[in-house]
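The figures here come from the full heavy-atom set of this structure, side chains too, leaving out hydrogens, waters and symmetry mates. Here is the naming used below: chain letters follow the sequence lines, and residue numbers restart at 1 for every chain.
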Amino acid sequence: MVEPQPASPRLNGEEDMTGAETNMRLKLPIICFILEIILIILFGVLVQYDYEVDAREWHNKLNPGNKSHSEHNGHPESNSHSESKVHSNYDNDFYYRYPSFQDVHVMIFIGFGFLMTFLQRYGFSSVGFNFLIAAFSLQWATLMQGFFHGMHGGKIHIGVESMINADFCTGAVLISFGAVLGKTSPVQLLVMAIFEVTLFSVNEFILLTVLGAKDAGGSMTIHTFGAYFGLMVTRILYRPNLDKSKHKNCSVYHSDLFAMIGTIYLWMFWPSFNSAVTAHGDDQHRTALNTYYSLAACTLSTYGMSALTAHDGKLDMVHIQNAALAGGVAAGTAGEMMLTPVGSMIVGFLAGIISVLGYKYLSPILEEKLKVQDTCGVHNLHGMPGVLGAIVGAVTAAVATTDIYGKGMEDVFPDVAKGNITASYQGVRQAISLAVTLGMALVGGLIVGFLLKLPIYGAPPDTICFEDNIYWEVPGDEEEDHQDKATVRMTETERLNA
Amino acid sequence: MVEPQPASPRLNGEEDMTGAETNMRLKLPIICFILEIILIILFGVLVQYDYEVDAREWHNKLNPGNKSHSEHNGHPESNSHSESKVHSNYDNDFYYRYPSFQDVHVMIFIGFGFLMTFLQRYGFSSVGFNFLIAAFSLQWATLMQGFFHGMHGGKIHIGVESMINADFCTGAVLISFGAVLGKTSPVQLLVMAIFEVTLFSVNEFILLTVLGAKDAGGSMTIHTFGAYFGLMVTRILYRPNLDKSKHKNCSVYHSDLFAMIGTIYLWMFWPSFNSAVTAHGDDQHRTALNTYYSLAACTLSTYGMSALTAHDGKLDMVHIQNAALAGGVAAGTAGEMMLTPVGSMIVGFLAGIISVLGYKYLSPILEEKLKVQDTCGVHNLHGMPGVLGAIVGAVTAAVATTDIYGKGMEDVFPDVAKGNITASYQGVRQAISLAVTLGMALVGGLIVGFLLKLPIYGAPPDTICFEDNIYWEVPGDEEEDHQDKATVRMTETERLNA
Amino acid sequence: MVEPQPASPRLNGEEDMTGAETNMRLKLPIICFILEIILIILFGVLVQYDYEVDAREWHNKLNPGNKSHSEHNGHPESNSHSESKVHSNYDNDFYYRYPSFQDVHVMIFIGFGFLMTFLQRYGFSSVGFNFLIAAFSLQWATLMQGFFHGMHGGKIHIGVESMINADFCTGAVLISFGAVLGKTSPVQLLVMAIFEVTLFSVNEFILLTVLGAKDAGGSMTIHTFGAYFGLMVTRILYRPNLDKSKHKNCSVYHSDLFAMIGTIYLWMFWPSFNSAVTAHGDDQHRTALNTYYSLAACTLSTYGMSALTAHDGKLDMVHIQNAALAGGVAAGTAGEMMLTPVGSMIVGFLAGIISVLGYKYLSPILEEKLKVQDTCGVHNLHGMPGVLGAIVGAVTAAVATTDIYGKGMEDVFPDVAKGNITASYQGVRQAISLAVTLGMALVGGLIVGFLLKLPIYGAPPDTICFEDNIYWEVPGDEEEDHQDKATVRMTETERLNA
């Protein structure tokens, strides 16, 4: 099984695989440099520090009243807070958002990146392409979201909250990446990111600003959008002969352990994710707590369902790695509301069940009948749980009362608090937002899918999907290592005999 | 060595191993669903948001004076703070506890989970069962601790501090898991968790509330309790024929690297662990600092002892992975006291020496003479260092003076500050607490051990311990991967020759 | 390829390799114990809690005006803040530095530790020696930096900021470790650390205190110093016959994935690293934001350059693992200044290009022509980007105006704000600081290099470099594991047939 001198055949292998069509030598540098230069120019023209980041503005100790995040998420308290004539350096929002930001950051780069390393020979691409498209998307998202969240005298103001929102937008792109994992070139992924980030920002603007919906944890804006966008893209990119790479589309022992690093980090930091941009005070506190219990309940139902649906009662790593996270997705909209701990647990419990059933029974159908080749099963982890979360959010909003929220209503449902609308109408807004999101995602994915079908991006042939060494210099394995040890021992013995 | 078609024999292997007795198809789903449904019902009846989490309560801007954590750990300052008529959203305890919570959370799920992946073929179970029992335990602990920490009008109030305490309680269960690692079924572990969490809460109540002991980092409540409880359980579950699985009870190169992920995270975040629920201000600051230096000193003594006790001066990964953490355990009680930096270093230095000696000389004796099969050596990492930490805490408390603590005495030793008792009597309280903890752990472990001996939980046979594929669908290894690469190359060559 | 009974030959192998000269049985324990005992004595004599850590001092509610960090980094605001007669426990600097500290801590132990695990058979040493020398260095740095940052009545005052600074100093040692990786014994590394920490503190004192330079993220003090110190040491320790270990000086598939854990953590937390000790408020906020965009831009240029410089357009893991981080290094000095987002992106963009070019074309030249065997290519990741960062810092400082900084000038350039010097002179200070750092690093490395050349430290022979099992008990590999599975299956079958 092990080649006498593994190096050379692998090299041949690599050369074989490097047909002009998949060679990234020019394609990737060109797109990377063009995109980054465009970003630099646009940042130079359009982007400024937020007043909490700018040395002069901050030290003026006066609140310009344009804290981008108060506009975006409307925090009465943070305004009232900032309106205080004098503020201490310890009042800088950095101290109340940055720890959440770092947790979100870990979810985006370690969580998503390693979650996708489950494939036996796609670890470099999973972590590496995740890294590349995330690094691009967060810059592009800063511009797109800044534009839609409102310019300030023709300038986009950025700070820790815009960084969190940029990471959020990036999350949606990475969810879509999960659907096409192993079947796309890095150039294709960057092109997808350009359009998806743009569309995400439009959708987010419609939901949060036009419709006045609440979605702090992004059940709709991030998970539902990212999942259905990606599913439509992978449907358009359908590969009839993908079974030729079937033998690569599975895990090995250690690749599953690497994937668990991603899973556990996503699971642990999801409370920070959902609470990262909610109003300060009880709102962040409540959102984190709700998500914590939703995830815990989801984990138990996931393990139960995984064993129940296995022919011999053995747990399936695919379920543990993914379905156990559905509770975080499903708590993304209602998490900041008075969902109550028990409500959160019920939501998580259901999310886990739905997700495992999806992996077990729905995914095969989607692939055979609808020709949707969903590598990571994002429909089960982000799609259905995202829709569930949106529905739970709509219902929870519809039943909100001043008796329950008191003055806190201003933070969660400002329009209801102002008396502009009724709680049930807020629920309608939430429901409409879900429909809009699904529409935007599917239509957007359709268009972008066809764009990505163009044979100019160096996509891998059906025979070499889920394979790192088409785009990466791949080193050898433990075997050589054994030979080396043998060598070492020999050399060593010689040395001593000498 | 490499099977012609590795897949099939492995499958056979798996089927072989799936006797009715170890089949989890019904056992695991039943217990997971029953437990989660009971939890949901109890949460629905008993659990409410803390006033810092509840929208109406928090916005009432008045302190109900029932902050669960001030009761639990008695923080004069946090009360006085909350009594201020008006508070800002930035005063919410979320901002002063949540970062610590997240570090503790990482220790529980990544730290403990990956620390136990050192076994060559038990990584799925180590991370996976750790994940399952932790997700259950933190929910159950919320109820048990809430009950013993004091109900509020028949309700349990929860917030970020109760989340930290729930994670702490979970830590004790995971320590016990380390003692029985590889020899138990997930159902057995869940049953153990049910009882251990309950007993932990009783013991914690006796120590912190009845006896008025201080143990912020849990040298007694978490480490000593969890270790001796688990040691007694594994003693009762003694397997005379475990040597039939001896060849699995060891590490491979990469499994040791995965374990180091757990080790390093535990080591880095231990300062957060010990300081997570101490009083605010200097207390948290001091506890983190003391733990930081204790761990640093412990690491040097661990490396020194590991090389010294090896026949050829080679470092032993078992020591590095475990003993280097003993400094955190040993600083768990005295960390919040005026232990001084040098005091912390001495404690850590001794803890590292004791722990390595335990792994090298005591563990074999415990196994042969006392029939205690302690897979992870929790006696060396949590047991002895926990007792050391308790003693150091008792001594440090006994020598406390107002000259050293000033007004800060109120935070650390409220009863001494109030003049109710002398410092030396506080030391006696601490010593009694250690004795109580040892008693509770050993008696509790004895009873629970016999309960777990019942042949109904699907425990693995002696011949298949330390083996994932009895409870998990286990994929292949790098070998297949090689064949695949060969295949890929062939297919590819064909394609190009075509 | 796989030995019939792999255990025994490996053992022989190990015994072969354990000549008296590399045996650590006495050498390592002696140095570990002596160093730790000296540290304990010095801490006992010299070290006290900072007033924010000390129970009595903190509760006196008066500002002794000697917050070590305000002296060290001069934060007018934090003084004015502390001068307030009464302070709340929530004003303790712990809450404004500790989250940054924990991120830095992760970079030091996980980031640096795992980044170096890329070598196929040096993972134990990479993580393990990183752990050992970091644990020692942070204690020794506490003393050295405390001494140079100013004693308080003959005492060194420590708190969260001194902990961050100790971790920073440790970072420099770990950078040098990267240059000599695989070619040194743990004893050699500890000796190097003793001297490097001392020299680091002297250099830091000259730069920050004597010259009044700004270098919050350590482009000069940490990266430039650590890199050129290590490069000179490895030059002096030049091994003409190192090619005998060439076959070990490369990665395997999973070792590259482990290394990516280090890379991603360094990348994610670099904003915390650069902002950890800047002035509070806008300064920390701005530094984190600048670093975030610098790194994002750097990642795109790194991917582009990696594909462009490969003969077949395939990405090289060495570039992704290292060059993508250069943006953080290059933003280390100017990050706290009004660099603007676009400025940060340009800096990161250039850093990535320079770093990849260095790995591709400069490193081979350095090794062949200058005999600098730089295992991790620290010259490309820390050396050149560090110098770039220093230059960017000097230029950015030189063009600073009150119009841009407003009252914030006091935080960033106190001397300029006070009118003592002009901005352009501050730029000169920065440039002189770079020259001083290069001089100190090269001369220091020269001297320490010759010291480490002494044949008393048990350095590995040229034939067994980059090899764990000369200093570690190394377990077997997946193969045995296969045999075990076979065994297990047999045993199991027997059991069932019985």
**Q.** Residue from Leu350(C), Val356(C), Ile353(C) passing side chain to side chain contact (heavy atoms under 4.5 Å, CB included) with Ser301(C)
**A.** Ile353(C)
Q: Mind ranking Val342(C), Ile320(C), Thr287(C) by heavy-atom pairs under 4.5 Å with chain A and telling me who comes out on top?
A: Val342(C)
Q: Find the one option among Gly44(A), Ala55(A), Gly123(A) whose heavy-atom pairs under 4.5 Å with chain C are most numerous.
A: Ala55(A)
(Q) Just so I understand: if I count every heavy-atom pair under 4.5 Å between each of Leu295(C), Val412(C), Ile261(C) and chain A, which residue has the most? (A) Ile261(C)
Q: Pick one of side chain, backbone, both or neither for Ile30(A), based on which atoms fall under 4.5 Å of a heavy atom in chain C.
A: neither
**Q.** Interface moiety of Asn130(A) toward chain C, non-hydrogen atoms closer than 4.5 Å
**A.** neither
Q. Checking Asp403(C) against chain A: side chain, backbone, both or neither under 4.5 Å from a heavy atom?
A. both
Q) Non-hydrogen atoms of chain A under 4.5 Å away: do they reach the side chain of Thr302(C), the backbone, both or neither? A) neither
Q.
If I measure from the heavy atoms of chain A, does Tyr303(C) come under 4.5 Å with its side chain, its backbone, both, or neither?
A. both
Q: Taking all heavy atoms of Ala135(A) and all of Trp267(C), pick out the closest pair and write down the distance.
A: CB-CZ2, 4.4 Å
**Q.** Interface moiety of Phe124(A) toward chain C, non-hydrogen atoms closer than 4.5 Å
**A.** both
Q. Non-hydrogen atoms of chain C under 4.5 Å away: do they reach the side chain of Tyr471(A), the backbone, both or neither?
A. backbone
Q.
Which heavy atom of Tyr96(C) sits nearest to which heavy atom of Gln284(C), and what is that distance?
A. O-OE1, 3.7 Å
Q: Select one option (side chain, backbone, both, neither) describing which atoms of Asp468(A) are under 4.5 Å from chain C's heavy atoms.
A: side chain
(Q) Which heavy atom of His285(C) sits nearest to which heavy atom of Asn92(A), and what is that distance? (A) ND1-OD1, 2.7 Å
Q) Which bit of Met305(C) is near chain A, if near means a heavy-atom gap under 4.5 Å: side chain, backbone, both or neither? A) both
Q: Compute the centroid of each ring, for Phe101(A) and then for Tyr292(C), and state whether the two points are separated by less than 6.0 Å.
A: yes
Q: Indicate the atoms forming the closest heavy-atom contact of His59(A) with Asp283(C), along with that distance.
A: NE2-OD1, 4.4 Å
(Q) Given heavy-atom pairs under 4.5 angstrom as the criterion, report whether the side chain, backbone, both or neither of Phe131(A) touches chain C. (A) both
Q) What residue in Ala324(C), Ser306(C), Pro99(C), Ser251(C) has the most heavy-atom pairs under 4.5 Å with chain A? A) Ser251(C)
**Q.** From CZ (Phe136(A)) to CG (Leu190(A)), nearest 0.5 Å
**A.** 6.5 Å
Q: Classify the ring geometry between Tyr95(C) and Tyr90(C) as parallel (under 30°), tilted (30 to 60°) or perpendicular (over 60°).
A: perpendicular
Q. With chain A, which of Gln102(C), Met337(C), Arg286(C) has the greatest number of heavy-atom pairs at distances under 4.5 Å?
A. Arg286(C)
Q: Say whether Ser272(C) and Tyr98(A), considering side chains only, have a donor N or O and an acceptor N or O under 3.5 Å apart.
A: yes
Q) Who wins among Leu132(A), Val106(A), Ile31(A), Ile41(A) for the most heavy-atom pairs under 4.5 Å with chain C? A) Leu132(A)
Q. Which residue out of Leu26(A), Ile110(A), Val160(A) racks up the most heavy-atom pairs below 4.5 Å with chain C?
A. Ile110(A)
**Q.** Distance-minimising heavy-atom pair for Asp282(C) and Asp54(A)
**A.** CB-O, 4.1 Å
Q. If you tally heavy-atom pairs under 4.5 Å against chain A, which of Ala296(C), Cys298(C), Ala310(C) wins?
A. Ala296(C)
Q) Given Tyr253(C) and Trp472(A), is the ring pair (Phe, Tyr, Trp, His ring centres under 6.0 Å) satisfied, shown in steps? A) CA-CA 11 Å; Tyr253(C) 193 71; Trp472(A) 297 83; 10.0 Å; no
Q: Might you confirm whether atom CH2 of Trp140(A) has over 12 heavy atoms from other residues, nucleotides or ligands at distances under 6.0 Å?
A: no
Q.
Let's test your reading of the structure: which of Gly343(C), Ser275(C), Pro271(C), Ser245(C) forms the most heavy-atom pairs below 4.5 Å with chain A?
A. Pro271(C)
Q. Between Ile37(A), Val53(A), Thr117(A), which residue shows the highest count of heavy-atom pairs closer than 4.5 Å to chain C?
A. Val53(A)
Q: Sort out for me which of Leu138(A), Val47(A), Leu28(A), Val127(A) touches chain C most, counting heavy-atom pairs under 4.5 Å.
A: Leu138(A)
Q) Can you name the closest pair of heavy atoms from Met107(C) and Tyr265(C) and give their distance? A) CG-O, 4.1 Å
